[in-house]
Amino acid sequence: MWDKVYTNFGYWDVYSWLAFFLIAGGMIFFIRSMGRKDYKKGSDQDEIFFGSNPVPEDGEDLKVPASSAYWGYTQALKPFYDGLVGLHTGIATDYVGWYILVTALVALLILV
Amino acid sequence: MKARIFFLISILLVGGLLWTGLQAVHPFGIPGETPMDDYFIANAQGEAAANNVVTSIVFDYRGFDTLGEGAVLFTAVISVAALFRKRGHN
Amino acid sequence: MIGNFPYLVVGILFVMGFIGLVFERNLMKIAIAMSVVEAATNLFIITLGYRSGGSIPVWTMAGGGSSRMVLPTPQALTLTAIVIGLATTALMLSFVMMIYRHYGSLDVRDVRRLRG
Amino acid sequence: MIEILHLTILITILVAGFFALWFRNLLSSIISLAVLSLFISLEFFYMQAPDVAIAEAGIGAGLSTAIYIIALRACGKKQFRKEGER
Amino acid sequence: MNPLSVVARTVCNLFAWFLAVFGIYVIIHGHLTPGGGFQGGAVVATFMAFLLVAHGGKKMQSWVKKDIFTLMECGGLTLFITAGLLGMSNTFFFNFLAKAGGLFGSVVPMGPNPGALNTSGTIALMNLSVGLEVVGGLSMILLYMFSGAHPEESFGREEAGHDR
Amino acid sequence: MNWQDHLPALLLAVPLFGAFLAPLTTLGGKGLRNAWFIFVSSVFTLIAFLLWVRVGATGPAIYVMGGQGWNLALPSGLSIPVRILMEVDAFSAFMVLLSAVAALAGAIFSVNYMERFSGVEKFVALYFLMVTGMFGMEITGDFFNFFVFLEISSVASFGLVAFWRDRGEALEAAFKYMLVSTLGAMMVLVAVAFLYSRYNVVNMAALGKVIEWGMVEKTALVLFLTALAMKCGAVPMHMWMPDAYAEAPAGVTCALIAVSQASLYGLFRVCFTIYGSFMGSPMIPWVIIVLGVLSMFIGVSMAVIQKEVGRLIAYHSVSQVGYMLLGFGVGLLALGDARAMADYGFTALKGGVFHIVNYTMYKGLLFLAAGALYYATGSRNLNEMGGLARQLPKTMVLFMIAAAAIAGLPPFNGFVSKLLIYESSFAVHPILAVFAMVTSVLTLASFVKIFQTAFLGPELKKFKDVREVPGSMLAGMTVLACAILVLSLFPTWSLNHLVEPAAKALVDQASYIGAVFAAAATGGGL
């Protein structure tokens with residue numbers, strides 16, 4: 001039950017990972033406990049530091065919308081994604097068409 | 001538009017696939033060895049006591065398929081009823 | 001004289017159904033094409049079970065001996081397939097009716113809010 | 001003679017299937033489908049399968065035509081984005 | 001749909017009853033002649049379709065409630081699965097009534113014979129239950145689709161959010 | 001006769017009975033209906049567990065429907081079974097067990113989730129029918145019966161996907177799903193008819209015994225392969241999958257995943273058990289591998305750019321199915337070759353089987369968590385969400401577990417199966433492993449995106465009065481989370497007791513076929 005999982009090339013041992021996380025967590029707590037203890041809620045220390053810009057009042061202004069995430073990635077792969085999204089037309093008959101296309105391809109590969 | 005030409009070609013290819021398959025099954029009207037069907041024909045009266053061989057297969061030898069078929073019909077009815085259900089009825 | 005003509009009919013029905021499924025634009029016509037494919041499947045299974053000169057597999061009406069009956073299993077399978085086909089047709093047409101109510105159109109190019 | 005009948009039935013199946021997909025008028029299409037079902041039922045009867053023939057005649061030619069027509073009534077006239085485009 | 005004219009209604013009534021009787025015959029004689037629960041049930045459901053077309057949906061719904069069909073359907077299927085479960089002393093779906101003497105339990109002679117109604121064991125029972133189920137189910141489909149074709153009668157307005 | 005011999009029949013009879021009586025529970029009101037829902041779900045889960053235990057102890061279980069005894073498969077003097085057989089080997093029992101757990105979790109979740117819908121008794125009936133179809137596909141030993149159960153599960157899932165019929169998108173998704181799925185089922189039927197015409201047999205074991213490699217068999221294999229691969233969502237036939245998964249009610253999606261796994265089961269039953277070592281060419285394994293790699297890569301690429309929670313997770317389903325196809329394809333490639341099998345093939349199979357259970361558990365949990373988010377906030381759009389960690393802390397923790405598992409972060413189970421697949425596919429061709437790892441990275445990236453935009457960030461004003469979701473939804477999610485934790489913390493145990501018997505049964509064609517004929521030999525004639 002406590003063995004490793006061998007894969008013929010290496011092994012997987014969840015318990016060493018758990019031990020690693022325990023040790024790492026202990027170290028984090030240790031380092032954290034060495035910090036200053038004079039934090040007070042409601043004082044100047046509570047203020048948000050916003051890169052010396054004026055801090056927005058509302059959370060909405062601070063939020064990054066999901067469609068902006070990985071902007072650079074999608075921009076870099078724009079041709080790829082244009083083709084891929086263009087493939088997903090959403091037309092019901094195209095779904096059938098793709099199915100028949102794959103059937104024909106597999107038939108060609110297996111029968112010929 | 002280009003995709004639809006591919007679709008047309010692939011439909012013809014699938015037709016060809018089915019046609020090659022159909023060429024390879026037994027010729028029309030001359031099935032080869034049929035042990036299972038001969039068993040049904042010979043034993044439907046003795047085992048299931050039914051004159052109609054098809055009914056004896058549908059309800060006795062393959063009765064479970066028929067239950068499944070009834071379940072499909074039931075499913076379709078319930079689905080249609082769920083689609084056209086009255087609002088607020090819980 | 002007949003040869004394998006029934007098989008050819010089955011194959012042509014399949015291809016016609018596929019063409020209808022892929023190239024028709026009206027949802028109702030797509031449902032009809034699906035019915036054609038179902039009919040082709042049923043015809044195919046029954047065609048496999050025919051034995052030339054065979055009699056009906058019902059002893060009440062049979063004339064000859066047991067080996068002269070047509071094969072009964074495909075008939076039982078087709079019976080199941082027909083009822084299943086009716087169930088799917090009814091459900092598909094209900095979907096078409098409801099889609100028309102929501103989208104106000106039966107054109108398959110209008111019914112594509114989900115894409116990408 | 002009986003083979004000519006058989007051939008006629010099979011060819012009618014093909015023709016009915018073709019017209020079921022060809023007609024632009026949906027009602028004609030549905031009637032064609034009913035004819036297809038009816039002739040498939042005849043073909044089943046020819047192939048000594050009366051069980052299936054009764055089922056196909058009752059379900060394919062009777063009930064599913066009724067369901068199709070009910071569904072057709074539920075959908076109004078304006079079904080296409082552009083008139084005249086298949 | 002509106003009801004048809006008087007002549008059409010009368011003709012439909014007449015033929016509908018023939019259809020119903022024929023359907024019930026097909027169901028009961030399922031193990032002797034071509035036919036059975038599905039075929040007979042479909043024929044009886046065509047009788048329902050005849051009445052529906054001839055008299056319109058409103059009148060039909062004043063004659064029979066959908067609950068009756070639900071009961072027929074669920075009852076038929078439950079009877080079917082119970083008939084299967086009763087054979088559980090051997091296996092699920094064992095034909096425990098065949099050749100046992102009592103109900104549907106006569107022995108059939110081998111070879112071509114005219115046939116007797118009291119044969120075939122659970123097959124006859126299952127024919128009846130499937131007939132019941134198919135009649136109920138197909139009539140339900142017809143009635144629901146018919147009522148769905150006239151949304152203003154049964155639906156009311158659309159709502160946003162979850163649907164209650 | 002032992003009552004445990006009847007377990008395969010009971011497994012199907014209980015949910016069917018539950019479905020047939022469900023419309024009548026309206027008479028007893030809401031409480032009775034919910035009690036019936038949970039009770040029947042628990043019962044079939046229990047039966048599935050008992051069946052799994054029994055199959056593990058005594059080998060493949062045979063059940064003959066309608067025979068005079070449960071094991072009298074062959075009639076006297078005939079070498080083929082004529083009645084419908086249920087044949088449960090270790091792989092089937094494994095699939096049944098995990099489908100039952102997923103279905104139970106979905107059922108518990110749905111009790112509160114479906115409160116906002118009308119006509120819930122119909123929902124209950126459809127849910128049980130879908131479960132029946134899924135179980136039937138997994139334990140049947142008969143091809144036509146397989147088709148019938150495929151249709152039951154498909155038709156029920158069409159109804160369930162469209163259950164919220166006031167939303168046009170749900171109907172559209174159901175229609176698209178129905179169109180391809182019905183066509184696929186028809187093609188399965190045509191393939192069954194082809195095999196029947198050649199051998200006059202529809203029993204799986206008997207077919208596996210007599211099958212040769214001819215034209216008819218090739219045609220049937222092509223039809224089976226594409227239809228079942230379409231049903232489990234391989235690219236480029238995956239387009240119905242994000243639609244249907246995202247639009248179905250969340251509890252249903254949890255079970256729908258298990259349904260698509262049942263199709264995957266059918267695919268591998270056909271490839272391994274029916275065709276098996278008779279498989280003439282290495283072309284079929286390569287087709288499966290290529291489909292798998294395409295699914296992995298394209299699925300995850302589409303997932304990264306999605307804006308809706310449900311669609312994003314559904315595109316991940318496509319990519320995860322690709323992992324399984326890759327693992328099984330590598331295993332199939334090594335099937336005829338004993339040395340390759342010992343070297344990497346069996347590892348790949350173990351990885352694939354382990355990935356099935358992992359995937360069903362964490363993907364079910366993810367969809368349930370997405371449903372909980374939707375239930376709480378009323379929005380599916382990630383652009384509108386933010387800062388929900390304060391209002392939904394429990395949901396967040398459960399979501400985090402599932403997201404970490406699917407992304408393959410180390411202590412969780414997702415990594416184990418992925419590791420097995422990486423290392424074995426690396427032995428076939430390094431590029432496969434590269435694709436798998438890129439997929440894993442992109443998976444992590446997209447889940448970071450969901451987590452960051454939905455749960456983290458500043459609190460939004462419009463979500464001020466959002467409450468934690470009700471108890472039954474949390475309970476349903478907790479079931480799956482516990483399963484994930486068990487699989488993660490005891491990988492050796494789960495590999496040895498859960499995965500390895502299933503993988504062995506999949507490879508062992510002779511014992512599947514032999515079980516039918518051996519049972520007949522001991523039992524005698526009909």
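The analysis underlying the following values was restricted to heavy atoms, covering all of them including side chains, and did not include hydrogens, waters or symmetry mates. Each chain gets a letter, A, B and so on, in the order the sequences are listed, and its residues count up from 1. Just so it is clear, the structure is predicted and the values come from calculations on it, not from any experiment.
- When heavy atoms are compared at a cutoff of 4.5 Å, B/Ser79 does not approach chain E at all.
- Put simply, CD1 on B/Ile78 and SG on E/Cys74 are 6.0 Å apart, with the number rounded to the nearest 0.5 Å.
- Interface with chain B: from residues 24-32 of chain E, residues E/Gly30, E/His31, E/Leu32 qualify, criterion being any non-hydrogen pair under 4.5 Å.
- Taken from CD1 in E/Ile81 to CZ in B/Phe64, the straight-line distance is 8.0 Å, to the nearest 0.5 Å.
- Once rounded to the nearest 0.5 Å, the distance linking CD1 of E/Ile141 with CG of B/Leu73 reads 5.5 Å.
- Neither the backbone nor the side chain of E/Thr122 comes within less than 4.5 Å of any heavy atom in chain B.
- The closest side-chain heavy-atom distance from E/Phe80 to B/Thr66 is below 4.5 Å.
- Annotation: the span from E/Thr33 atom OG1 to B/Asn51 atom CG amounts to 10.0 Å, rounded to 0.5 Å.
- Listed here is the closest heavy atom pair of B/Ala50 and E/Ile123: CB-CD1, 4.0 Å.
- Counting heavy atoms from C-beta outward, B/Val77 and E/Glu73 have side chains that approach closer than 4.5 Å.
- Note on ring orientation: taking the six-membered ring where Trp is involved, the planes of E/Phe38 and B/Phe59 are parallel (angle under 30°, cut-offs 30° and 60°).
- The nearest pair of heavy atoms linking E/Glu133 to B/Phe74 is OE2-N, 4.0 Å.
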